[in-house]
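What follows is one structure encoded as structure tokens, with my remarks underneath.
No experiment lies behind these values; they were computed from the predicted model shown. For reference, positions follow the sequence shown, starting with 1.
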Amino acid sequence: MAGNIQSYLVLIANTISIILLWMMLNIFIGIYLNYAFYEGAPTWKNFVYYAFALVSFLFLLRYVVRKWNRFAQKDKDL
């Protein structure tokens, strides 16, 4: 029982950390490298940044959902 609670808390910490890492990466690229903003009309760099942000978010979401489903399946088997 205690191992199950510990693995659940590790799963929560891993989920939070991977989401924060994704957010920091997008903030760095978007705000600090100035790809999120445009003056007048967007350039190809802005489109690439937003496409990267969207695609990476979808991969992140898929990863997190699969990780939680694996945990739920393992918990169900116990």
Any chance you could measure [X], atom [atom1], to [Y], atom [atom2], to the nearest 0.5 Å?
{"X": "Leu20", "Y": "Ile27", "atom1": "CG", "atom2": "CD1", "result": "9.0 Å"}
{"X": "Lys74", "Y": "Asn4", "atom1": "NZ", "atom2": "CG", "result": "7.5 Å"}
{"X": "Ile29", "Y": "Tyr35", "atom1": "CD1", "atom2": "OH", "result": "9.0 Å"}
{"X": "Thr43", "Y": "Tyr38", "atom1": "OG1", "atom2": "OH", "result": "10.5 Å"}
{"X": "Ser56", "Y": "Leu54", "atom1": "OG", "atom2": "CG", "result": "8.0 Å"}
{"X": "Asn14", "Y": "Lys67", "atom1": "CG", "atom2": "NZ", "result": "4.5 Å"}

Is there a side-chain contact between Leu21 and Leu25 (heavy atoms, below 4.5 Å)?
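No, side chains not in contact.
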Taking the side chain as every heavy atom from C-beta outward, state whether Phe37 and Asn46 have any pair of such atoms under 4.5 Å apart.
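Side chain of Phe37 against side chain of Asn46, heavy atoms only: no contact under 4.5 Å found.
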Just say parallel, tilted or perpendicular for the rings of Tyr8 and Trp68, cut-offs at 30° and 60°.
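Ring orientation, 0 to 90° scale: perpendicular.
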Would you say the side chains of Tyr49 and Lys45 form a donor-acceptor pair under 3.5 Å?
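No pair is found: no donor N or O on one side chain lies under 3.5 Å from an acceptor on the other.
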Hydrophobic clusters here meaning ILVMFWY residues chained together by side-chain heavy-atom distances under 4.5 Å, can you tell me if [X] and [Y] are in one?
{"X": "Ile12", "Y": "Leu61", "result": "yes"}
{"X": "Met24", "Y": "Ile31", "result": "no"}
{"X": "Val10", "Y": "Phe71", "result": "no"}
{"X": "Met23", "Y": "Phe52", "result": "no"}
{"X": "Val55", "Y": "Phe47", "result": "no"}

Does Trp22 offer a backbone N or O that forms a donor-acceptor pair with the side chain of Asn26 under 3.5 Å?
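Answer holds: yes.
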